[in-house]
Structures are given as C-alpha cells and as structure tokens.
Novice: 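Dumping the structure here so I can ask a few things about it.
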Amino acid sequence: MNLFWVIHVKRIKQTLVILVALIFALGVTMLEREAIHVFSNEENPQAIYKVDTKEKIIALTFDISWGEERASNILDVLQEKEVKQATFFLSAPWANAHPEIVKRIVDAGYEIGSHGYRHVKYSRLEPDEIRNELRKAHRILKEVSGQEPRVLRLPDGDFDKRVLKIAGDLQYTVIQWGTDSQDWLNPGVDQITQNVLQNTHPGDIILFHASDTAKQTAQALSSIIDQLRQQGYQFITVSSLIEGVKTESPTPTQSK
C-alpha cells in the first residue's frame with residue numbers, strides 16, 4: 001500500500017510539472033500573439049512591401065545615393081520605353097548636388113521619394129537624430145524638386161518601430177519592396193532580369209538602384225520593361241499603387 005501511494009504521489013507531481021510547463025508555454029504564446037497584434041494595430045504605421053490587388057499594376061522604384069552616370073542612363077531607358085510613371089527615392093545630399101538630374105526626373109513626371117539624408121542605419125540613431133535627418137532631407141528635396149515627398153525608403157531598408165513612428169508623425173509612408181532586382185550586386189544582366197521576372201506579381205513594388213554602383217541596371221531594365229508589358233503589367237508610381245488599396249505589410253524587420 002505504501003509503495004502504491006509513493007508511486008501515485010510521484011505521478012501527481014509529474015502531472016503537475018507538465019501542467020505548469022504547458023501553462024507557461026501557453027502564456028508565452030499569448031504574449032507573443034498580443035505583441036504582434038498590438039504592433040499591427042492600425043494606430044501604428046507600417047512599412048509597405050506590396051499591395052493586395054489582382055490588377056496587373058506594379059511600381060518601378062529606383063534608389064539614388066551617389067553618382068550621375070547610371071541615373072541618366074536609366075532615365076534614357078524609361079523615356080525610350082515610354083514609361084510614364086515611376087518613383088525615385090533620392091538621397092538629399094545627392095539631389096542637392098545634382099539638381100539638373102532631379103529636374104529631369106520631375107519633368108518626366110516621375111514621383112520623388114525621400115531616401116533620407118545620411119546613408120546610415122536609422123534604427124541605430126536616437127529619436128531626435130532620426131527626426132532631424134528626415135526633416136533635413138525633406139526640406140532639401142522640396143527645395144530642389146519642387147515636390148513635397150510623402151513616401152520614404154530608408155537607406156538599406158533598415159528601420160525599427162521607432163523609425164516607423166517618427167516617419168508617420170512626419171506624414172511619411174515607409175516603402176520597402178516585394179521584389180529585389182539585386183542589381184547593386186552586379187550579378188549580370190541576365191540574372192537581374194531573372195530576379196525581377198521570376199518574382200514580380202500584381203501589386204508589386206520592385207527595387208532597383210540608380211546609383212553608379214549599379215552598373216548593369218539600365219541594360220537589364222529595357223528587357224524587363226518589354227517582358228513585363230508582354231505579361232500585361234502596367235507601371236504606376238508607389239503613391240498611386242497604395243492609394244485606396246488595402247496594403248499587405250509584414251511585421252517590420254531589418255532588411256538588406
């Protein structure tokens with residue numbers, strides 16, 4: 001009988017341990033879900049990677065931080081292919097140093113977005129620094145382009161919740177991308193073309209670079225535009241893409 005009670009007590013203890021572990025695990029899961037829910041709340045701004053639509057509309061986007069040769073070549077291709085809408089995310093110091101190229105972008109009817117001021121990881125800056133960087137860039141881009149940018153792509157696509165909140169307070173929408181051409185790696189014209197064509201989908205935001213580091217973008221772009229048109233895609237600006245369309249925005253993480 002005593003042996004029976006000893007074994008019975010041990011089983012009760014084992015059961016209690018298991019129950020406590022299950023309750024703890026459930027609690028952690030609920031906390032994680034709550035954290036995701038709170039962050040995804042409509043009161044908090046989010047970065048936009050693409051839009052949820054069945055229409056074959058996409059946004060070609062180009063980041064520029066330095067140089068002048070590649071940007072001019074890309075503009076040549078866009079105008080040759082009669083692409084009427086695209087979005088250029090400009091670094092403010094670059095725009096200030098190349099007003100003639102900025103004017104050409106604006107005269108072509110393309111959208112100007114902010115690429116910030118310094119090309120640094122904004123998630124590593126203090127809130128006041130983030131705010132000052134964005135305000136300084138905004139002032140310069142407005143003066144040089146005559147447009148008041150309302151879309152923002154952070155350098156290297158790097159941000160955290162603080163950056164999103166500050167950007168939202170300054171009336172910016174943070175834009176990421178759904179398809180990365182990886183043109184900045186200069187992997188070859190064929191590879192850049194495949195990177196885009198194999199991943200493009202309705203409502204997509206496609207990332208290109210027009211800085212001088214991206215040496216193969218213009219050459220790849222011509223074929224990409226032709227083949228996307230053959231698939232029925234139309235090109236519009238980021239702002240036109242997201243306006244009035246439900247966005248699909250994953251929980252923010254640091255990107256390339």
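Keep in mind the model is a prediction, meaning the values are calculated, not measured.
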Novice: Do you see a donor-acceptor pair shorter than 3.5 Å between the side chains of Q230 and D226?
Specialist: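 No donor-acceptor contact under 3.5 Å links the two side chains.
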Novice: Going by atom types only, do N199 and T179 share a side-chain donor-acceptor pair under 3.5 Å?
Specialist: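 Result is no, nothing qualifies.
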Novice: Can you measure from CD (Q79) to OH (Y110) and round to the nearest 0.5 angstrom?
Specialist: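 Those atoms lie 5.0 Å apart.
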Novice: side-chain contact (heavy atoms from CB on, under 4.5 Å) for V163 and L154? Distances and angles first, verdict last.
Specialist: CA-CA 9 Å; V163 177; L154 283 311; 4.1 Å; yes
Novice: Under a 4.5 Å cut-off applied to non-hydrogen side-chain atoms, are Q219 and I192 in contact?
Specialist: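 Counting from C-beta outward, Q219 and I192 never come under 4.5 Å.
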Novice: Applying side chain to side chain contact (heavy atoms under 4.5 Å, CB included) between L60 and each of V196, I206, I224, D204, report the one that passes.
Specialist: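 Only match with L60 under side chain to side chain contact (heavy atoms under 4.5 Å, CB included): I206.
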Novice: What's the shortest heavy-atom distance between A97 and P99, and which atoms?
Specialist: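 Closest approach of A97 to P99: C-CD, 3.4 Å.
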Novice: Got a sec, which pairs hit side-chain hydrogen bond (donor to acceptor under 3.5 Å, both in side chains) with one end in residues 140-149, sequence neighbours left out?
Specialist: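 Applying side-chain hydrogen bond (donor to acceptor under 3.5 Å, both in side chains) to every pair that reaches into residues 140-149, excluding sequence neighbours, yields H138-E148, E148-R150.
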Novice: Provide the closest heavy-atom pair for S91 versus H115 in the form atom of the first, atom of the second, distance.
Specialist: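 Looking at all heavy atoms of both residues, the closest pair is N-CB, 3.5 Å.
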Novice: Restricting to non-hydrogen atoms, name the atom on A59 and the atom on L241 that form the minimum distance, rounded to 0.1 Å.
Specialist: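 It is CB-CD2, 4.0 Å.
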Novice: Taking side chain as C-beta onward, heavy atoms only, is T61 less than 4.5 Å from F88?
Specialist: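 No; the side chains remain at least 4.5 Å from each other.
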Novice: Which value, rounded to the nearest 0.5 Å, describes the distance between L141 atom CG and Y117 atom OH?
Specialist: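 It comes to 10.5 Å.
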Novice: Check whether the side chains of R70 and Q216 place a donor and an acceptor atom closer than 3.5 Å, and report yes or no.
Specialist: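 No, Q216 and R70 have no side-chain donor paired with an acceptor closer than 3.5 Å.
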Novice: Would you sort out whether D212 and W66 count as a side-chain contact (heavy atoms from CB on, under 4.5 Å), showing the intermediate values?
Specialist: CA-CA 6 Å; D212 279 4; W66 73 280; 3.8 Å; yes
Novice: Of all heavy-atom pairs between T193 and A220, which one has the smallest distance, and what is that distance?
Specialist: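 Distance-wise, the nearest heavy atoms are OG1-CB, 3.9 Å.
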Novice: Judged by modelled atom types alone, do Q227 and S223 share a side-chain donor-acceptor pair under 3.5 Å?
Specialist: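 A pair is found: one side chain offers a donor N or O, the other an acceptor, under 3.5 Å apart.
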Novice: Say you draw a straight line from OG1 of T87 to CZ of F208; how long is it, rounded to the nearest 0.5 Å?
Specialist: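 Reported value, rounded in 0.5 Å steps: 12.5 Å.
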Novice: Tell me if the CD atom of E100 is crowded by more than 12 foreign heavy atoms within 6.0 Å.
Specialist: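 Counting other residues, nucleotides and ligands, CD of E100 exceeds 12 neighbours.
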Novice: Counting C-beta onward and ignoring hydrogens, is there a side-chain heavy-atom pair between P149 and Y172 closer than 4.5 Å?
Specialist: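 Yes, their side chains come closer than 4.5 Å.
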Novice: Do K165 and D169 have side-chain heavy atoms sitting under 4.5 Å apart?
Specialist: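 Counting from C-beta outward, K165 and D169 do come under 4.5 Å.
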Novice: A side-chain contact here means heavy atoms from C-beta on lying under 4.5 Å apart; do R118 and E133 qualify?
Specialist: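 In contact.
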Novice: Would you call the rings of W94 and H98 parallel, tilted or perpendicular if under 30° counts as parallel and over 60° as perpendicular?
Specialist: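 W94 vs H98 ring planes: parallel.
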Novice: Nearest 0.5 Å please: distance from the CG atom of D183 over to the CG atom of L221.
Specialist: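 Answer rounded to 0.5 Å: 9.5 Å.
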Novice: Applying salt bridge (charged side-chain N to carboxylate O under 4.0 Å, His left out) to D160 and R124, what does each step give before you reach the verdict?
Specialist: CA-CA 9 Å; D160 58 15; R124 298 179 182 177; over 6 Å; no
Novice: Is any side-chain heavy atom of L152 closer than 4.5 Å to one of I175?
Specialist: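 A side-chain contact is absent here, since even the closest heavy-atom pair is not under 4.5 Å.
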Novice: A side-chain contact here means heavy atoms from C-beta on lying under 4.5 Å apart; do Q176 and I48 qualify?
Specialist: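 No, too far: nothing below the 4.5 Å cut-off.
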Novice: Please assess S222 against K81 for the test side-chain contact (heavy atoms from CB on, under 4.5 Å), listing each intermediate value before the final yes or no.
Specialist: CA-CA 7 Å; S222 180; K81 294 297 180 180; 3.0 Å; yes
Novice: Can F159 and Y122 be said to form a ring pair (Phe, Tyr, Trp, His ring centres under 6.0 Å), step by step?
Specialist: CA-CA 6 Å; F159 61 86; Y122 278 59; over 10 Å; no
Novice: Are the side chains of E111 and S239 in contact, using a 4.5 Å heavy-atom criterion?
Specialist: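 Side-chain contact under 4.5 Å: yes.
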Novice: Between the side chains of S123 and D158, is a donor N or O closer than 3.5 angstrom to an acceptor N or O?
Specialist: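 A pair is found: one side chain offers a donor N or O, the other an acceptor, under 3.5 Å apart.
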Novice: L90 and side chain to side chain contact (heavy atoms under 4.5 Å, CB included): which partner among I140, I101, I112, V144?
Specialist: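 That would be I112.
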Novice: Can a salt bridge be assigned to the pair R131 and D128 using a cut-off of 4.0 Å between side-chain N and carboxylate O?
Specialist: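 Yes, charged N to carboxylate O under 4.0 Å.
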Novice: F235 vs I225, test: side-chain contact (heavy atoms from CB on, under 4.5 Å). Steps then yes/no.
Specialist: CA-CA 9 Å; F235 310 115; I225 290 170; 3.8 Å; yes
